[in-house]
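Excluded from the calculations below are hydrogen atoms, water molecules and symmetry mates; all remaining heavy atoms, backbone and side chain alike, are included.
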Amino acid sequence: WIPFWERYGISKIVGLDITAVSVSSLQKKFPQFKFIQGDVCSESFFSQEETFDIVTVFDVLFHIVNDTDFHHAVSNLSRLVRRGGWVLIIDGFGENPYGPFHHEYHRTYQQYVNELSRTGLQPAHVEPIFFAMTTPICVSNNEWGQFVSKSIGTMLRIIALAASRQPLAKLNHLIGF
């Protein structure tokens, strides 16, 4: 996402990732920006005086399976965004929750609305973007849903095969960057 923001003239980017390997890789690739290793669930990962016009949380929150940690993460996001700013979230927002599992819990749109409202944030717009990387629970039972489910199965087999051939940290960078 860094090149995307650069194309739109964003000159100050502060990135947060829970893994040291991602922070190190990003810092080498984009030395003009700041990257911090930290946990969005922790209250100590940011300066409370520093706020941002745009806070992005892309494919992150569904990895927080503990509801208390999720509560802390959303609270932190609300403190990071400047008044009048935007928090952009990518998640599945299914009609039914999916999980929690070991590393994944897709909450419903209503669960998000409730949590965001508690912090003073409110949804402004929802755009469906997960069409191939979604959980089977999020797709309908029509022909398109069946196609997506089969595509997901194929994609997961390819990812599993790739993961068996190289370290997962490296695979994460291949998928994510």
Mind checking what makes side-chain hydrogen bond (donor to acceptor under 3.5 Å, both in side chains) contact with [X], not counting sequence neighbours?
X	answer
Thr108	Gln111
Asp67	Arg107
His125	Glu127
His63	none

Query - Gap between atom OH of Tyr109 and atom CG of Asn114 - 0.5 Å precision - result: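 Here the interatomic distance stands at 10.5 Å.
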Query raised in the report: How long is the span from the CG atom in Asp17 to the CG atom in Asp39, to the nearest 0.5 Å?
Result: 10.5 Å
Query raised in the report: Does Val113 offer a backbone N or O that forms a donor-acceptor pair with the side chain of Ser117 under 3.5 Å?
Result: yes
Requested in this report: Taking Asp53 for its side chain and Arg82 for its backbone only, find out whether a donor-acceptor pair lies under 3.5 Å.
Outcome: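 Not confirmed, Asp53 side chain does not pair with Arg82 backbone.
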Requested in this report: Could I get the full list of ring-ring contact (aromatic ring centres under 6.0 Å, His included) partners for Tyr105, not counting sequence neighbours?
Outcome: none
Query raised in the report: Listed by chain and number, what are the ring-ring contact (aromatic ring centres under 6.0 Å, His included) partners of Phe30, not counting sequence neighbours?
Result: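 With sequence neighbours excluded, Phe30 shows a ring-ring contact (aromatic ring centres under 6.0 Å, His included) to no residue whatsoever.
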For [X] versus [Y], what's the shortest heavy-atom pair and its separation?
X	Y	value
Ile64	Ala73	CD1-CB, 3.7 Å
Val65	His103	CG1-C, 3.7 Å
Asn76	Val40	ND2-O, 2.6 Å
Asp59	Ile90	OD1-CG2, 3.2 Å
Ser75	Ser78	O-OG, 2.7 Å
Thr51	Arg79	CG2-O, 3.5 Å

Query raised in the report: What about Ile18 and Phe35, same hydrophobic cluster or not, with Ile/Leu/Val/Met/Phe/Trp/Tyr joined at side-chain heavy-atom distances under 4.5 Å?
Result: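 No; Phe35 is not reachable from Ile18 via cluster members.
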Query raised in the report: Quick one: which of Phe70, Phe62, Tyr112 gives a ring-ring contact (aromatic ring centres under 6.0 Å, His included) with His106?
Result: Phe62
Under 3.5 Å, sequence neighbours excluded: what are the donor-acceptor pairs made by side chains of residues 4-15?
unit_1	atom_1	unit_2	atom_2	d
Glu6	OE2	Gln32	NE2	2.8
Lys12	NZ	Glu50	OE2	3.2

Requested in this report: Please identify each residue that fulfils side-chain contact (heavy atoms from CB on, under 4.5 Å) with Val87, with sequence neighbours left out.
Outcome: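 Once residues adjacent in sequence are excluded, the partners of Val87 under the side-chain contact (heavy atoms from CB on, under 4.5 Å) criterion are Val55, Val57, Leu77, Val81, Ile89, Leu121.
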Query raised in the report: Just wondering, do Leu88 and Trp1 contact through their side chains at under 4.5 Å, heavy atoms?
Result: no
Query raised in the report: Can you name the residues that form a salt bridge (charged side-chain N to carboxylate O under 4.0 Å, His left out) with Asp69, not counting sequence neighbours?
Result: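 Testing Asp69 for salt bridge (charged side-chain N to carboxylate O under 4.0 Å, His left out), a comparison that skips the adjacent residues, returns none.
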